[in-house]
Each structure stands twice: as structure tokens, then as C-alpha cells.
2 protein chains.
Amino acid sequence: MYLDPISRLRRFNRAVTREVGALDTSFLGRGRPLGMARVLQLVRPEGTDVAVIRDRLALDSGLTSRFLRSLEREGLIETETDLADRRRRIARLTAKGQAEMAAYEAIGYDRAARLIAKAGTRADEVVAAMDLIATLLNRDHLEIRPADPDAPEALACLQAYFDELIDRVPAATPQMFSLPDPGADRYRPPHGRFFIAWSDDLPVGCVSLRPLDATTAEVKRLWVHASARGQGLARRLMSLIEDEARAMGHRYLKLDTNSVLTEAITLYRNSGWVDIEPYTDPPGDTWMGKAL
Amino acid sequence: MYLDPISRLRRFNRAVTREVGALDTSFLGRGRPLGMARVLQLVRPEGTDVAVIRDRLALDSGLTSRFLRSLEREGLIETETDLADRRRRIARLTAKGQAEMAAYEAIGYDRAARLIAKAGTRADEVVAAMDLIATLLNRDHLEIRPADPDAPEALACLQAYFDELIDRVPAATPQMFSLPDPGADRYRPPHGRFFIAWSDDLPVGCVSLRPLDATTAEVKRLWVHASARGQGLARRLMSLIEDEARAMGHRYLKLDTNSVLTEAITLYRNSGWVDIEPYTDPPGDTWMGKAL
DNA sequence: GGAATTGTCTGACTATAGTCAGATGAAATA
DNA sequence: TATTTCATCTGACTATAGTCAGACAATTCC
């Protein structure tokens, strides 16, 4: 290759710096300095802790305070002391502030829409490329949080998981899967568990646990978004769900999978899972278990 | 999908803004304000026109001048008046300035290398994703320039072109192609032509023309980088080479291709090319011609 | 209960980026 | 030749971001 990977990354950096700069400049079009606009973006209508704003933007406390005062004078936000800890303050968007935020949203949305349109027939590919890069850059901030199995973000993960099974497993058909999951109740505490891995605001993985009997539980719905593969996330999810099962008092775990899903099976074997007798119907054709 | 493409683009934007910000901050580690560092980056050892620097960074002339004076005081650059137009000035890097630039280069290189390393087994995919995005963002600045067929950038294009043929055309084997091209001479002016399309500093396409007889020429080596496909570049290259042939006095064009390269053949047909009698050996199996 | 720590705020300060008007000399144009 | 345009420079100015010290009140730690 004419350009080595590092030069190509730097070419990417230049292109993207220009783009980001242009976005910043267009934000200035609303007649407010960038620093203040950035603070405003972090103030939620329900209220945001002032310390959170300071941390996220890595701002000095004095500067943050002044930005907030200034936004307050404009009537865009209100602040009040946190009743739980009266040293802390909470900033909240006013109606006027929400309108202003909507205007900023519109600017960002327009620019994004224009770029997607520019990608034409390759828009899907471009979005996948952006997911990959964003997930890589966010890698150190990946968070795994419990979720309700009927929440929209959970449904999105499950849909993606089903789509992948249908795509890869010959025996899997769309009729086998329905959403919302009729058995969702068994994934909810206190009986079961459902976790989602987040990279910023994109769900990039999930895993669930449901009880089979008093001492045995089943691991299901292990899925990792294409952009997050190859970074050990599946392993983290599995180890989390095993810890949860242990804490809930289970002594044994089972799962069913399909032999075409070789990466998953390799992962299971490498973390102590062994083949067991069949205990479910197709599309599964491989059954594994692990003593906790 | 839980997140629509536009939200995902904006997530990408956030991730990348943080990264770019961090790069800027690390440049500040050399104890020089960012603006001045940016100016320094544009001063070449051979000399750069001051107006070029101003334009590229969209700086006020007063500010540019002050930055240059300051870099001059530090001994990093020298300026002299342009002899061709004595209103203009040229800035040139001193030895000390070159050392300083090397230090900046090293910072950028390190960060890039670290990010590539973080991508682990998916580094190739990440670089391809970055190419795709950078080419999209640079789309309006795509430039097609003549090149020598033996220049490194030309060899890179040809190698990529051959690799693709070997990959897609069953009859094509590595033994059929060698580089540098033994027939390179026929692609050079005044007899032939060789053009490369550049997106920033990445060659993303090429096309060449060689004479067959006094009034007929052959179009060869039409190639477009994966990141630049679907944006009409092949069409631009073809239309350019046809114009060149016309200007050189040719009346008729020919080309040979392979039936598996369907997008290319569709492009040819849509721009007035028609099937003709075979005139070459494999791996070609489709021959086309166009009267100018 | 007293000392240390924490979160926020204010005022005074500096650094950096950027704007604007005008001066100067050179080149282009009529 | 006279006028206009151009490229650069300087000085005076403003805007924005950011730093620092100290005050104050609430909380945590011992």
C-alpha cells in the first residue's frame, strides 16, 4: 500500500478535524460562545448535576459557575441546590432553554442528514464504519448496565441477535422468534437478569439469565454488535452473568447454541464450559454446561 | 435499529471530537499555542507562500503576520520576499524548525500508532472504515492529476488494480502482471496518458491511455479504491481520458475487460461503448469500442 | 465536637484568538 | 503617468477561555 495505516489514520484525522471545526462554527451561528453552548447541551430538562457538567467538559469550577450564571441570566436554565447534599447544585432547562436546545439539535441533525445523503447508496456502509470507529474510540468507556427485557434498547439488541441467527444458522427461521419476548418475565429480577452493554448511547451487546430450577439457570441472548467484536466484550458479559448467577445462589449453568457459531463456542470452551446432553429443540444443536 | 443513522453519526462526531481535542491538547505539550503550531505545520523546508498559509487556515492577515514574526523570533523559520512578486513573502523552515516539526510529527505518529494498536485484530477493518469516511468527507476536494506510470503512487494503484483482478476474475493469475509495468513508456506523454485521482494524500483511482495506431487508442488500468466507489469517480476518469484522447487526435477508443466486472461494463455501456470483436488474449473476455 | 474535605461561587488575573483601521511599498490597470 | 488593487505589516482593540486564590457552607471523618 502506498500509504501505511498510520498515515491513513492521520488523513482521517485531518478530514474529521475540518468537519468538527465546521460543526463548531455553525453552532456559533446561534450567537453564543462555544463553551456556553457546550454547557447548555449537557443540561437536561430533568436537571443535571453541576459536577457532572464540569467533569464531562473538564472545566474549571469557576468557569463552569460563570457559564451557568450567564445561561441563567438568559433565562435558559434554572439552578437549585440538591436536597440530598446541599453543597451540590442542579441545573435544569427552562422551557426557553428547551426551545434553544431544539434549535441546536436541528443544526446538528441537518449537518448529519446532509452527510448521510452525500454517502448515497453507501450510507449503510458509512454508518457501519462510523460505528466501528466510535466504538473503538469509546472502548474505555464501555458500560454494562441492567435493563428491562421489554425496553426499546433491549428489543433492539434482541432483534439484532435474532437477525444474526436467521442469517447464520440454517435451521433458524423468522417464525421462531417474536418480540417483545413472551418469556420476558423470566429475565427480570428477582428470578432472572438482563444486561446491556453501552458504548456512549449505542447498545453494543446484551446477555440474559433465566432460572431453570432452584440451583440451575440458563444463559441466553448473548449478542455483541458488529462494531464491538474482537474486544473481549462477550467474555466480559459472560463473566458478569456467571457472577450474577453465583450471587443468586445458582450452582450450575446451561446454554444452548448452534455449531455454526464457532467464535461463541470457542469462547465458552475457553471459559470452562463443557458439552452436555441436549435439553432443548432446534435451532440449537449444541448444549453446554458449567458448574459454578 | 435502536439508533437511527443520524444519531449514530452524531455519536461518531462526539467520539471523534474528543479524540481531536486530545490531539490538540497534546500538541500544546510543546509549549506553543495551537494557532502557532498550526502555522508551523504548513511551513515547508523549501518555503511556503505566506498567502497559502493564510488561506488554508482562514486566518486574518494581521494574525498570520504576528504568528510568523513570533516563529521567526524563536528561530524556527525565516522569511524572504518573493522575487517574482515583491509584495509577497515566503516562509521557510530553518534547521531548528525542521527539528521542531519532527517532534510534532512524532506526537501525531505516536497517537495514531496507539489507536491502531488498540484496534488489535480489527486494525485493517478500522483503517478501511477511516478511508471510507475520509474519502466521503474529502469528496468535494477530489483532484485528478497526471502522473508518471512508474511513480510509487502509480505502482500502488496498479498493484491494487491487479490484486482486485486476481481476486475477482477467475482467469487472472499473479503471473500475468508485473510491476513496474514493462510497457510504462506507452502510457507516458506524448504518446499516452496516466492519471491518478487523489483524495487528500491517498491515491483513490487511476486510468491510462495508450496508442494502438495513428487514430486509435486503448483505455487501460481503470481502477477506483474501495473507499471511493459509488461516487461517480470511474465515470469522471473515463470522461477525462476520452477528452484527452480526443484532444490528442484519436478517433476511436478500445478496451478489453472481463464479464465478471459487471459495474465497469455497465458504466461503459451507459457512456456509449459498444461490444466489438476480440483483439486481445485472456484474462479479457469482453471487448468494447467507442467512436469519439 | 472539631478538623478536614468537598462543592460552589466570586473576583482578579492571564493567555490566546481574532478583528479592524491604517500605513507601506509593489504590481496591475487605465 | 495616475489610479487602483494587492500583500503584508503594525498597533490598538475585543472576545473567549482558562487559571488561581480565597470565601462560604455543607458534609465527612476521626
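Numbered from 1 within each chain, the chains take letters A, B, ... in sequence-line order. What you are looking at is a predicted structure, and each value in this text was computed from that prediction instead of being measured. These values consider heavy atoms only, across backbone and side chains, with no hydrogens, waters or symmetry-generated copies.
- Contact record, B:His225 with A:Arg8: NE2-NH2, 4.3 Å, taken as the closest heavy-atom pair.
- Of the candidates A:Pro146, A:Cys206, A:Pro189, A:Phe194 forms a side-chain contact (heavy atoms from CB on, under 4.5 Å) with just one, namely A:Cys206.
- Taking a 4.0 Å limit (strictly below) on heavy-atom distances, residues 21-48 of chain A reaches DNA chain D at A:Pro33, A:Leu34, A:Gly35.
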Quick one, A:Asp82 with A:Arg87, criterion salt bridge (Lys or Arg N to Asp or Glu O under 4.0 Å). Give me CA distance, side-chain angles, the key distance, then yes/no.
CA-CA 7 Å; A:Asp82 181 343; A:Arg87 291 170 302 183; over 6 Å; no
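- At whole-Å resolution of the value, CG in B:Asp49 and C1' in D:dA7 are 9 Å apart.
- For B:Ile53 and D:dA7, the CD1 to P distance is 15 Å, given to the nearest whole Å.
- The shortest distance between the side-chain N/O atoms of B:Arg88 and the OP1/OP2 oxygens of D:dC6 is not below 4.0 Å.
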Encode nucleotides 19-30 of chain D as B, S and - characters from 5' to 3', where the letter depends on protein heavy atoms closer than 4.0 Å: B to the base, S only to sugar-phosphate, - to neither.
BB-----BS---
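- Between A:Arg92 and A:Glu46 there is no salt bridge, since none of the side-chain N atoms of the basic residue sits less than 4.0 Å from a carboxylate O of the acidic one.
- Rounded to an integer number of Å, the gap from CZ of A:Arg69 to P of C:dG7 is 17 Å.
- One atom, CZ of B:Arg73, and another, P of D:dC9, lie 13 Å apart when rounded to the nearest Å.
- Under the 3.5 Å distance criterion, with hydrogens and angles disregarded, a donor-acceptor pair is assigned to the side chains of A:Tyr104 and A:Arg32.
- Closest approach of A:Ser227 to A:Val204, counting heavy atoms only: OG-CG1, 4.2 Å.
- Distances shorter than 4.0 Å separate none of the side-chain N or O atoms of B:Arg54 from OP1 or OP2 on D:dA7.
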